[in-house]
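Note on naming: letters A, B, ... go to the chains in the order of the sequence lines (proteins, then strands), and numbering restarts at 1 for each one.
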2 protein chains.
Amino acid sequence: MIQPTFPVLAPQRRELIRSLVRDEGIVRVEDLRQNLKVSVATIRRDLEILEENGRLQRVHGGAVTMENRMEEAVFDDKTNTASKEKSRIAEEACKLISTGDSVYLDGGSTTLGLARLLKDRTDLTLVTNSLRAATELADSGPKILLIGGELRRISQTMVGPLTSGVLGQVHVDKAFMGTMGFCLKSGLTTTDPNEAFVKNLVAAQAGQVILLADSGKAEKVSFARVSDWDAIDVLVTDAKLPKPFAKSLRKRGVKVLLA
Amino acid sequence: MIQPTFPVLAPQRRELIRSLVRDEGIVRVEDLRQNLKVSVATIRRDLEILEENGRLQRVHGGAVTMENRMEEAVFDDKTNTASKEKSRIAEEACKLISTGDSVYLDGGSTTLGLARLLKDRTDLTLVTNSLRAATELADSGPKILLIGGELRRISQTMVGPLTSGVLGQVHVDKAFMGTMGFCLKSGLTTTDPNEAFVKNLVAAQAGQVILLADSGKAEKVSFARVSDWDAIDVLVTDAKLPKPFAKSLRKRGVKVLLA
DNA sequence: TCGTTTTTGATCGTTTTTGAGAGAAATGCA
DNA sequence: TGCATTTCTCTCAAAAACGATCAAAAACGA
């Protein structure tokens with residue numbers, strides 16, 4: 001590491017941290033403290049600011065680049081963050097499935113939790129675009145139909161226009177969807193347009209559309225627009241969802257279940 | 001193993017374990033402990049997290065890749081039988097692939113061997129009905145298109161009429177097919193009619209059809225008829241194939257390669 | 001210069017991660 | 001099969017890292 005001349009101004013120090021993360025891929029709080037000759041509190045504040053600006057991803061003990069986050073942490077993160085809420089949401093959602101249903105399962109960590117609960121449900125027909133869900137239920141469980149399509153590596157799901165080949169030929173009673181963000185004004189959004197395309201296609205033809213999303217995703221807006229709230233029949237989320245939010249949704253005809 | 005600089009942050013350590021499993025196919029807890037300089041408890045916790053995220057499969061003493069897991073569970077016999085021949089056949093077949101090709105990969109253990117050889121071939125487009133091939137190449141390698149369809153558990157492939165949705169919309173330069181048996185009189189046969197349906201569909205529209213099969217399958221006949229020899233352009237097999245058999249095939253226009 | 005704002009460092013209670021140990025389960029071998 | 005050994009799971013406590021809060025220090029503007 002290049003030793004800067006002291007003292008260093010705050011913005012300069014943050015820029016240093018940023019480039020360090022970019023070059024090394026990962027930095028430790030303790031290393032930064034020694035090299036920059038400031039207290040850990042300051043380092044933490046810097047990392048917090050940089051994270052807010054989307055320059056890096058904090059982890060316990062330091063920080064990693066966003067690229068790393070994209071490759072691995074996303075999924076790890078997603079499965080760790082709010083995991084309690086997610087498993088409770090999955091359990092609640094599971095109760096909505098009736099005997100003999102044909103069910104669509106979207107990609108994402110919350111829906112993957114639901115997949116795990118279906119290992120003994122041989123009565124169901126499961127349609128999914130999630131490679132992980134399919135692998136999870138590869139040995140036993142429902143009859144599985146995979147929709148085809150291009151494999152999106154980051155989410156391990158099949159996306160894009162090719163998916164319409166299979167989706168056009170099957171009907172599902174209930175579709176369990178995930179999302180990156182949901183917002184009263186903008187509706188549902190996700191990161192990838194191809195992913196949004198599939199969600200849209202499914203939502204348009206499913207008997208009932210059930211959204212699974214922890215409250216941390218409330219009022220978050222991502223890049224690609226998926227659908228408006230009128231496409232959603234039920235939202236299963238956790239109790240931390242602000243009451244006015246739930247009330248507003250109910251007024252718009254969405255049944256809100258708090259797990 | 002690449003020795004990291006210590007200490008290592010937890011996410012970094014897990015990523016290291018993950019890539020190690022991916023490359024080696026199997027890791028031992030004790031080896032990880034020594035190399036990563038942490039307690040076995042920590043290693044176990046890491047493996048547990050990685051397993052939850054579907055990144056590997058824990059086994060007594062360590063962990064293996066998801067593909068290995070499925071192999072042992074379902075394909076035990078097939079992967080062990082004639083495995084040397086199969087890997088040589090796969091290597092030979094790999095030579096037939098040109099830069100930028102779009103390639104179809106059929107289900108089965110021989111073709112899975114070929115999939116493993118394609119981890120760095122980002123120039124290719126891979127179309128497949130094999131869940132295991134897709135999982136094998138989930139992190140890196142060619143662009144992957146999965147054909148949809150019903151998941152056949154025993155072979156972990158997508159089969160049936162729904163597959164035509166995607167297959168009808170793509171073209172592949174070379175199709176690498178597996179089979180349960182091949183015979184001069186009956187042509188290619190396999191166990192499941194739905195599986196045969198897909199093979200047929202692919203063979204009908206691929207630029208070149210390449211059959212991968214060890215000599216043990218010669219003159220074996222299974223239940224469902226796939227196709228006749230005129231659909232096959234190349235057969236890649238091992239040297240144990242009886243000479244008259246090869247001669248007879250060449251006379252019928254099939255190029256025979258002995259690996 | 002003085003008062004205000006911003007930045008920094010220290011402290012404290014909490015959470016997360018880690019390592020060690022005891023008993024259970026799995027494995028290998030006679 | 002029975003026995004020894006390894007490996008696993010579970011629990012608990014120590015260590016490390018964290019967030020929140022507050023006061024001191026520095027920077028700033030009038």
Side-chain angles (χ1 to χ4, degrees), chain A residues 4-18 20-21 24 26-53 55-64 68-69 72-73 75-87 116 214 216 238 240, chain B residues 4-18 20-21 24-53 55-64 68-69 72-73 76:
Chain A
T5 52
F6 294 97
V8 185
L9 269 56
Q12 193 182 357
R13 189 184 54 233
R14 293 193 195 110
E15 179 55 28
L16 222 65
I17 294 177
R18 196 180 77 83
L20 208 61
V21 169
E24 306 278 329
I26 188 164
V27 290
R28 293 167 10 94
V29 171
E30 183 54 27
D31 293 344
L32 292 174
R33 188 192 62 76
Q34 286 178 18
N35 287 314
L36 298 171
K37 318 280 187 204
V38 290
S39 71
V40 285
T42 302
I43 298 290
R44 282 196 234 289
R45 269 186 285 256
D46 287 342
L47 292 180
E48 195 178 358
I49 291 167
L50 288 166
E51 183 177 43
E52 274 175 17
N53 295 346
R55 300 313 190 78
L56 48 77
Q57 166 74 29
R58 292 189 69 185
V59 295
H60 199 89
V64 298
N68 271 348
R69 181 186 144 70
E72 16 163 333
F75 209 85
D76 292 304
D77 243 9
K78 278 177 70 182
T79 29
N80 292 337
T81 310
S83 63
K84 279 182 196 168
E85 281 79 6
K86 285 179 182 187
S87 61
R116 296 210 173 98
D214 62 278
D238 56 89
K240 289 179 192 157
Chain B
T5 53
F6 293 97
V8 184
L9 264 54
Q12 193 181 9
R13 190 184 54 233
R14 294 191 194 113
E15 175 55 24
L16 228 70
I17 294 176
R18 195 178 79 85
L20 209 61
V21 170
E24 306 278 330
I26 185 167
V27 289
R28 299 176 45 75
V29 171
E30 182 56 24
D31 295 342
L32 292 174
R33 188 191 64 75
Q34 286 178 16
N35 285 316
L36 298 172
K37 319 275 188 208
V38 291
S39 71
V40 286
T42 302
I43 297 290
R44 294 214 168 85
R45 270 186 284 255
D46 286 342
L47 293 179
E48 195 179 355
I49 291 169
L50 288 166
E51 182 176 44
E52 271 177 23
N53 293 342
R55 293 328 204 14
L56 48 78
Q57 168 74 30
R58 293 187 68 185
V59 293
H60 199 88
V64 298
N68 276 348
R69 163 201 159 226
E72 268 146 305
D76 219 354

A/Asp31 CG to D/dA17 P, straight-line distance once rounded to whole Å: 10 Å

A/Arg33 and A/Glu30 ion-paired at < 4.0 Å: yes

Spacing of A/Glu48 atom CD relative to D/dT21 atom C1', expressed in whole Å: 14 Å

Whole angstrom value for the distance that separates C1' of C/dT6 from CZ of A/Arg13: 12 Å

Closest listed nucleotide, where the reference is the side chain of B/His60 and the choices are C/dG19, C/dT27, D/dT9: C/dT27

Point-to-point distance, once rounded to the nearest 0.5 Å, from CG of A/Asp46 to CG of A/Leu32: 8.5 Å

Separation of atom CD in B/Glu30 from atom P in D/dC8, rounded to whole Å: 10 Å

Candidate nucleotides C/dT8, C/dG19, D/dC8, ranked by approach to the side chain of B/Arg44 - the nearest: D/dC8

Length of the CD1-P vector between B/Ile43 and C/dT18, whole Å: 10 Å

Secondary-structure notation, DNA chain D, from Watson-Crick and G-U pairs under 3.5 angstrom (| other strand): ||||||||||||||||||||||||||||||

For atom CD of B/Gln12 and atom C1' of C/dT18, their distance in whole Å: 17 Å

Atom-pair distance (CG on A/Asp46; P on C/dG9), nearest Å: 10 Å

Nearest-Å distance for atom pair CG/C1', residues B/Leu9 and C/dT18: 13 Å

Gap between atom CZ of B/Arg28 and atom NE2 of B/His60 - 0.5 Å precision: 9.5 Å

Lys/Arg-Asp/Glu bridge criterion (N-O < 4.0 Å) met for A/Glu15, A/Arg18: yes

Distance, nearest 0.5 Å, that separates OG1 of B/Thr42 from CG of B/Leu36: 10.0 Å

Given C/dT8, D/dC8, C/dT18, the nucleotide with the shortest approach to the side chain of B/Arg45: C/dT18

B/Leu56 CG to B/Arg14 CZ distance, which is reported to the nearest 0.5 Å: 12.0 Å

D/dT7 phosphate, OP1 or OP2, under 4.0 Å from B/Arg28 side-chain N/O: yes

B/Thr42 side chain near C/dG19 phosphate (N/O to OP1/OP2, under 4.0 Å): yes

Crowding at CZ, A/Arg55 (>12 non-hydrogen neighbours, <6.0 Å): no

Nucleotide of C/dG19, C/dT8, C/dG9 approaching A/Val38 most closely (side-chain heavy atoms): C/dG9

side-chain N/O B/Arg33 vs D/dT7 OP1/OP2, d < 4.0 Å: no

